[in-house]
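Every heavy atom of this structure was used, including side-chain atoms; hydrogens, water molecules and symmetry mates were not. Within every chain, numbering begins at 1; the chains are lettered A, B, ... in the order of the sequence lines, protein sequences first and strands thereafter.
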Amino acid sequence: MVHVKTTINGQPAEFLVPAYLSLLDTIREVVGLTGAKEGCLDGNCGACTVILNGRIVDSCLVLGAEANGGEITTVEGLATPDALHPLQQAFLEEAALQCGICTPGFLVSAAALLKREPKANEQRIRHWLAGNLCRCTGYDKIVRAVIKAEDMSSQLSKSKAKVAAKPTAKSSASPKASSVRSSGRSGSGRK
Amino acid sequence: MHPFAYVEPKTVKEAVAALSKYGDKARPLAGGTDLLVQTRAGRFNLDAVVNLKKIPELMSVKLDANGLEVGAAVPCYRVYEDPKVSAAFPGLIDAASLIGGIQIQSRASMGGNLCNSSPSADATCPMIVHNGVAVIAGPKGTRKVAIEEFCTGPGKNALAAGEFVVTLQFPKPSPTFGAAYERFIPRNEMDIAVVGVASSVTLDAAGKTIKNARIALAAVGPIPIYAVAASEWLKGKPANEASIAQAAAMAKAAARPITDMRGTIEQRKHLVEVLARRTLTKAIERARGK
Ligand SMILES: Cc1cc2nc3c(=O)[nH]c(=O)nc-3n(C[C@H](O)[C@H](O)[C@H](O)COP(=O)(O)OP(=O)(O)OC[C@H]3O[C@@H](n4cnc5c(N)ncnc54)[C@H](O)[C@@H]3O)c2cc1C
Ligand code: FES
Ligand code: FES
């Protein structure tokens with residue numbers, strides 16, 4: 001057994017893990033977060049994608065023991081208690097999932113892209129997501145959702161910037177931010 | 001996976017000791033993108049996995065007046081996201097940025113690519129044309145092996161028991177050096193090369209004559225092939241289409257491909273010629289600063 005001390009979705013975590021257990025099995029079975037999915041177990045499908053020390057990795061190709069001293073973000077760490085991550089909201093609105101098994105991996109990969117390149121173009125998005133496979137959607141809706149999430153994020157940060165510029169405008173700015181989300185929600189083409 | 005112990009040496013010496021202790025029941029772990037896939041598939045029956053990533057030398061990238069020294073376990077993204085390295089070592093960048101997808105590039109190392117010793121490895125041929133040398137540590141001390149002499153057969157290499165690669169060294173290229181790597185795959189990303197060709201040239205100051213050249217071929221033999229005859233022939237030749245065409249034909253003659261699910265002998269030989277022409281053309285353009 002290997003003693004692992006790590007941070008998962010901002011929370012400290014400490015546990016014992018068999019040396020041969022993958023990070024994927026560690027997260028799912030030892031930690032109990034089942035968002036990351038097992039697809040291929042050989043690095044091709046990306047369903048198991050998590051962020052490890054700032055980079056997306058296939059957690060099926062990492063040992064749990066290697067997480068010691070590291071920082072992990074899983075799909076469970078994307079939303080805040082008040083709101084979905086713009087990507088999650090955009091995936092719902094654009095119906096960017098069918099069976100959903102690939103979705104956590106796509107969300108985590110795309111979240112890492114948006115963080116470093118908030119205005120990535122379609123070609124870049126497709127290239128970045130090449131390590132994530134989806135058997136259902138044909139990818140177009142996923143790419144559309146990522147582009148929409150970029151727009152939502154930039155509007156959100158603009159409204160936040162306004163708040164910062166005019167501290168008194170705080171109360172008027174936050175409804176605006178949430179209206180982006182709620183208007184989107186009612187506009188969802190799904191169902 | 002078969003139960004194994006996890007060893008995390010902090011120094012080269014500790015790693016040599018761990019690998020010697022377990023013998024062929026241990027494997028070094030760099031990014032794990034080959035090792036964990038193969039272990040899961042039952043290729044190894046391991047008692048121990050020795051993670052090399054806590055050894056500082058294995059994880060550092062040094063660029064100075066002598067050249068580039070890349071730790072054997074440094075993941076690809078750290079190579080291609082380094083603007084100085086990418087400017088000076090274009091062939092390495094071509095390879096590092098096309099291995100797997102972004103997730104794989106977060107982990108996969110050029111050292112692991114070399115030590116896995118697959119004939120189709122995408123980083124090995126570019127390392128050959130960049131005149132790379134593997135620095136190896138083992139129970140008997142340190143030694144160096146030129147990359148073109150490292151692989152000895154599919155999955156086999158020059159490493160003896162207890163040895164592992166510490167760093168990969170590349171001499172500083174002259175300002176008139178250029179290199180390129182291209183592969184043929186049926187998809188746009190995430191596939192194993194049907195054929196890959198790396199080429200490099202050093203031109204004279206006027207950019208007209210080829211002073212030195214190297215061509216290396218992936219996936220057309222039991223090991224990555226350094227096409228010596230074609231490379232030597234180019235020395236002193238004008239850097240023009242006729243020279244490129246002749247060298248590409250000679251590279252094709254050096255290929256020893258097999259027919260398998262990825263391609264036939266004929267197709268692979270043809271691809272060698274096409275890719276040799278393209279990579280030589282690109283290498284010359286890069287050498288001229290275009
Ligand atoms: C989805 C996917 C896509 C891929 N795409 C490509 C591709 O496009 N092109 C390509 O060439 N490869 C590809 N690969 C294969 C693999 O990613 C590469 O070969 C990679 O460079 C291996 O590096 P690593 O650091 O992960 O090696 P590891 O898996 O850690 O090690 C590979 C082998 O070398 C040994 N080893 C590692 N480091 C050392 C060392 N320093 N000294 C001695 N032995 C060592 C290990 O014991 C193991 O046997 C792909 C793999 C996957 C899963
Ligand atoms: S389960 Fe990890 S990449 Fe498919
Ligand atoms: S929604 Fe089914 S695999 Fe992507």
Side-chain angles (χ1 to χ4, degrees), chain A residues 1-4 16-26 36 38-70 105-106 108-110 112-113 116-117 120 123-133, chain B residues 1-8 10 18 22 26-27 29-54 59 73-78 80-81 97-109 112 116 185 187-192:
Chain A
M1 287 285 190
V2 183
H3 182 195
V4 175
L16 289 172
V17 63
Y20 54 87
L21 209 66
S22 69
L23 179 62
L24 174 63
D25 287 345
T26 303
E38 175 182 313
C40 64
L41 275 187
D42 61 17
N44 275 288
C45 77
C48 64
T49 303
V50 303
I51 299 172
L52 175 64
N53 301 327
R55 311 290 310 193
I56 52 169
V57 300
D58 295 316
S59 60
C60 69
L61 295 187
V62 178
L63 295 176
E66 294 185 77
N68 190 30
F106 272 101
V108 171
S109 293
L113 175 63
R116 49 180 280 156
E117 297 166 38
Q123 197 192 354
R124 175 66 174 152
I125 292 168
R126 286 185 186 273
H127 178 254
W128 183 271
L129 296 178
N132 292 84
L133 299 183
Chain B
M1 270 186 277
H2 175 77
F4 51 71
Y6 176 75
V7 189
E8 210 171 69
K10 303 281 186 301
Y22 290 96
R27 294 291 316 166
L29 169 71
T33 59
D34 280 317
L35 184 68
L36 296 182
V37 173
Q38 292 166 9
T39 303
R40 201 171 264 138
R43 171 154 168 207
F44 306 111
N45 217 340
L46 297 178
D47 287 344
V49 160
V50 180
N51 180 13
L52 302 176
K53 295 190 293 297
K54 295 292 151 83
M59 291 302 277
V74 168
C76 286
Y77 80 87
R78 280 187 53 205
Y80 66 71
E81 285 186 3
S97 48
L98 61 67
I99 290 179
I102 306 294
Q103 287 94 326
I104 297 293
Q105 290 160 12
S106 298
R107 304 277 297 171
S109 63
N116 188 56
I185 55 171
R187 290 180 67 192
N188 287 332
E189 299 97 2
M190 301 277 297
D191 212 337
I192 296 170

Residues of residues 30-38 of chain B with a heavy atom under 4.5 Å from any heavy atom of chain A, in residue-number order, are B/Gly31, B/Gly32, B/Thr33, B/Leu36, B/Val37
List the residues meeting side chain to side chain donor-acceptor pair (under 3.5 Å) with A/Glu66, not counting sequence neighbours, and say none if there are none. B/Lys53, B/Arg107
Can you name the residues that form a side chain to side chain donor-acceptor pair (under 3.5 Å) with B/Lys54, not counting sequence neighbours? none
[X], part contacting chain B, at a heavy-atom distance under 4.5 Å:
| X | answer |
| --- | --- |
| A/Leu133 | side chain |
| A/Val57 | both |
| A/Leu63 | both |

For chain B, the option from A/Leu41, A/Asn132, A/Asn44 that forms the most heavy-atom pairs under 4.5 Å: A/Leu41
Given A/Gly46, A/Pro18, A/Cys60, the one with more heavy-atom pairs under 4.5 angstrom with chain B than any other is A/Cys60
State the OH-CG distance between B/Tyr6 and A/Asn68, to the nearest 0.5 angstrom. 7.5 Å
Find the distance between CG (A/Leu113) and CD1 (B/Ile102) and round it off to the nearest 0.5 Å. 8.5 Å
Contacts of A/Ser22 that satisfy side chain to side chain contact (heavy atoms under 4.5 Å, CB included) - sequence neighbours left out: A/Leu24, A/Asp25, B/Arg40
With chain A, which of B/Ser106, B/Ala48, B/Ala5, B/Pro75 has the greatest number of heavy-atom pairs at distances under 4.5 Å? B/Ser106
